[in-house]
There are 2 protein chains.
Amino acid sequence: MTTEENILTQARMVFYQKGLAGARMQEIADLAGINKAMLHYYFKTKEQLFDKVFVQAFEAFAKEIVKILNSELELEDKITNYINHTIDVLTKDPGIPVFVLNELTYNPQRITELFAGTDMVDLEVFSEQVNKQTKGNVDPETLFIDMVALCVYPFVVAPVFKKMLQKTDQQYADMLQARKAHIKNNILLRISNPS
Amino acid sequence: MTTEENILTQARMVFYQKGLAGARMQEIADLAGINKAMLHYYFKTKEQLFDKVFVQAFEAFAKEIVKILNSELELEDKITNYINHTIDVLTKDPGIPVFVLNELTYNPQRITELFAGTDMVDLEVFSEQVNKQTKGNVDPETLFIDMVALCVYPFVVAPVFKKMLQKTDQQYADMLQARKAHIKNNILLRISNPS
DNA sequence: GTCTATATTGTGATAGAC
DNA sequence: GTCTATCACAATATAGAC
């Protein structure tokens with residue numbers, strides 16, 4: 001691993017845990033086993049380092065998901081893929097959503113600029129598929145929001161729910177895995193039985 | 001309004017927007033129309049001020065909800081009340097969830113200590129009702145998680161979804177109101193038709 | 001209670017030798 | 001590329017007069 005990759009790895013951990021404002025260059029340097037001067041040698045400013053970490057985190061989270069949503073997969077498979085993939089990614093890296101949401105809320109303009117050139121998620125393909133299959137009886141946007149909410153929210157509030165439901169880390173992880181099938185049922189049922 | 005209440009109001013705005021680490025005492029003082037010395041006269045430290053704001057925010061969000069969940073309302077009414085109340089509270093004060101989740105993630109020990117004495121949400125009453133009504137065919141915890149996720153998540157990711165779905169603030173607000181009935185249908189259907 | 005001035009510390013960033 | 005030493009400034013907090 002190069003020094004730069006090492007820095008990025010450690011920086012990600014610190015930024016995940018403390019955000020941009022709360023992170024300290026000293027702590028990142030310590031974790032990376034270098035000193036502050038070296039850190040600034042590789043990344044001139046804290047913001048520069050943060051931006052790189054943020055973009056990597058966001059892409060890790062969003063890139064594959066966008067690909068799935070815009071693929072030519074059949075609707076049922078697409079939904080199944082989305083749910084499985086989202087839960088798997090977040091299981092590996094549960095800090096992503098709060099980190100992203102957080103900085104998005106605390107520093108919207110910076111993030112907006114960061115993604116000025118990037119193409120956003122668009123729901124055209126997905127919406128068309130839903131409309132066709134349900135003969136216009138299911139609102140695609142609502143279905144999408146629900147699907148995302150059911151997948152992601154339990155990760156976002158993990159510390160709260162873990163305590164509230166008195167579950168160990170392992171029990172909570174098992175529950176999240178079990179949600180794959182549960183969410184799939186809920187969403188697919190609404191497509192096959194539009195109310 | 002007393003000076004103390006004034007400070008708390010302004011502090012809440014700043015903490016909501018920037019978090020504990022990102023907030024500046026100077027900005028809070030400016031907004032309150034006083035100087036830093038006065039601010040420290042009323043609240044000795046930034047952390048002290050933050051804790052007061054946090055507890056107020058959390059209670060505003062959680063207190064009524066806990067009351068509803070533990071009430072003796074009939075299950076259908078309880079669910080309807082929960083959904084309506086949650087969406088109404090968050091519509092008035094959409095900054096709460098990210099603020100709370102954020103600090104809960106970035107500073108779990110501080111928050112845990114803050115609520116050491118408080119009684120948490122418990123799902124006993126709710127779970128019993130669900131078990132009775134569905135003859136044990138619906139998992140109460142899963143139902144609860146889904147209900148909360150469907151209500152709260154659209155507020156948490158409002159900036160993202162607004163942009164992605166290209167909605168104005170008003171359109172997004174209307175959509176959130178319309179979700180009241182939608183979520184109610186989804187949840188109540190699962191109770192009356194356990195799969 | 002309210003202010004000005006200041007102490008004190010933490011932190012991002014750089015200079016400059018090696 | 002790597003280090004030590006240090007700058008410059010921002011931010012919390014306090015002292016002390018009124």
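All values below were derived from every heavy atom in this structure, side-chain atoms included, with hydrogens, water molecules and symmetry-related copies excluded. In what follows, every chain begins at residue 1, and chains take the letters A, B, ... in the order their sequences are listed.
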Is it the case that the side chains of [Y] and [X] hold a donor-acceptor pair, with the cut-off being a distance below 3.5 Å and no angle test?
X	Y	answer
E74(B)	Q129(B)	no
N102(B)	Y106(A)	yes
H182(A)	D146(B)	yes

Inset, instruction - Using heavy atoms and a sub-4.0 Å distance, could you list which residues of residues 2-27 of chain B are near DNA chain C? By number, please. - result: none
Inset, instruction - Taking only heavy atoms on the protein side, list every residue of residues 38-47 of chain B lying under 4.0 Å from any atom of DNA chain C, sorted numerically. - result: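 Only M38(B), Y41(B), Y42(B) qualify.
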Interatomic distance, [X] [atom1] vs [N] [atom2] [rounded to whole Å]:
X	N	atom1	atom2	answer
F50(B)	dT12(D)	CZ	P	14 Å
I34(B)	dA13(D)	CD1	P	14 Å
K36(B)	dT8(C)	NZ	C1'	12 Å
N35(A)	dT6(D)	CG	P	15 Å

Legend entry - For D122(A), side chain to side chain donor-acceptor pair (under 3.5 Å) partners two or more places apart: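 Residues passing side chain to side chain donor-acceptor pair (under 3.5 Å) with D122(A): none at all.
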Inset, instruction - Sort out for me which residue in T86(B), I79(B), I83(B) forms a side chain to side chain contact (heavy atoms under 4.5 Å, CB included) with I183(B). - result: I83(B)
Legend entry - Electrostatic pair K36(B)-E27(B), nearest N-O below 4.0 angstrom: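 A salt bridge is absent here (no side-chain N lies under 4.0 Å from a carboxylate O).
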Legend entry - Output field: ring centroids F99(B)/F54(B) closer than 6.0 Å: yes
Inset, instruction - Identify whether NZ of Lys or CZ of Arg in K167(A) sits under 6.0 Å from the centre of the six-membered ring of Y172(A) and within 45° of that ring's axis. - result: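 No - K167(A) does not lie over the ring of Y172(A) by the 6.0 Å and 45° rule.
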